[in-house]
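For reference, the structure is listed below as structure tokens.
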Amino acid sequence: MQVLNPGSGLWIIRLSARDLPLPFFKPSLYRAPKIILNENPVSAVSLFLAPWVVPISSPVIADGAVAIRDGRILAVGDASILQSQFAEARVDGCQGVLLPGLVNAHIHLELSAYNHTPRPTPDQSFCDWIRALLKLRQAGDISAHETVRSARQMLEQQRNAGTALLLDIGNNILAPPASMQTPVEINFLLELLGPDAKAEEQVLARIGSLPDVVSATAHAPYSTTAGIMKALKKRADRLGHIFSLHVAESVDEVALLRTGQGCFREFLEERGAWDGRFPRPGKKIQGVVEYLADLGLLDANLLCVHCVQVNEQEVQLLAEHGCKICLCPGSNRFLGVGVAPLERMLHHGLLPAIGTDSMASNESLDLWREMRILREDHPCVSPARILTMATLGGAQAMGRAQDFGTLAPGRMAGLLNVNSPALQRAQDAEQLIDILTGHGQPDKLCWISGNGNATV
Ligand SMILES: [Zn+2]
């Protein structure tokens, strides 16, 4: 394992392709990408030309180019202009499209082996799904070795599907996955929870003993006391870590916080963890975001994941406090919890990120599929906006927009090159983005590394 920038507050683990269990890789699910190595000596300029360049932060360029030096993007623009500007550069021609790597802003790699968690039937609740998942986890049928192996396999799949950056949430720090030389970068958050006073005491003690290099976060308002959430948020703010929280995923969660009733109350009672803390005495709240606002947790360092059951006032609250949002449309569809009000979020100036969540609550963890589901769920939202969510939205949510999410001078040079017969037939930028967001993973996908010393 290589821990990078521990002082920066981000716990970044780089994994090595050679440490990944390739024999377990299923090519039927994900096509392995071809890797293009830029063997130019460091400090020399490389120029990659393509029929289409999609910078995200600026308009699509037909017959465009990206100039790279020392692992960073130097310039993005018209191919003929950059060729004359960098006349000495080594030139590589690509087919199809150049775009930034995708960002998966919510995943649980440690649940990759739980793809047999039953999908709730129409008469089952969100709590029934949690019961089923906990039963599987507590049965101990999946060994630690299998958990790590599945997590590594999933990571390889993420890389092969064009993901450059992941926000991974886990209850365990998995065996260190060794140094990575692929374009995938992981920001790992250790997730803690505790629903009652007894658990709170134990979790607060654990928080006090965590080394600063470990980023820690809370699970959800229904599973974690206000005291634990406040302590973890305070710690995250002090260390400059992201504070990610599952928020308003189901109507059952809203019901618990508002009335202290519903399936979550039954669930907590079953586990001997109900101590009557909802509804909060003297506090009349309408929703989960309002509850978080009341606790003073809303700010730009809070990443609210799901946000399905939020009303207009709550979206406004999130926007006013500059909170980050991550939508998980595939997981929401799998669990039947509803559709997040994306149009309202965009109307209030929010740019949500996209996450896949885990194999316990999704059919596959494929951001191309997530974009397609968003297109289906929100036909009035422009495809360009959805592609921006999958790239820049994720980078902003993770505080990494200086490196990821766009093709712009100064960004890291992990370029994604994709192609397919449909993309080749695109007549204009609009058609191109429509295909990129509506057709699933392109047939051909490869990474371009911009540093002569890097191996990918
Ligand atoms: Zn999750």
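Note that ligands are numbered from 1 as they come in the structure, with each ligand's atoms numbered from 1 the same way.
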### Query
Is the distance from the Zn ion (ligand 1) to the nearest N/O/S atom of His306 under 2.8 Å?
no
### Message
I need the Tyr222 OH to Arg277 CZ distance, nearest 0.5 Å.
### Response
15.5 Å
### Query
Where does the angle between the aromatic ring planes of His108 and His246 fall among parallel (under 30°), tilted (30 to 60°) and perpendicular (over 60°)?
parallel
#### Entry: Of the N, O or S atoms in Asp357, the one nearest the Zn ion (ligand 1)
OD1
### Task
Identify which one of Thr391, Leu98, Leu432 satisfies the side chain to side chain contact (heavy atoms under 4.5 Å, CB included) criterion when paired with Val54.
Leu432
### Heteroatom N/O/S of Cys328 within less than 2.8 Å of the Zn ion (ligand 1)
no
### Query
Can you give the angle His246 NE2 - the Zn ion (ligand 1) - His108 NE2, rounded to 10°?
110°
### Task
Kindly give the heavy-atom pair with the smallest separation between Leu166 and Thr163, and that separation in Å.
CD2-CG2, 3.7 Å
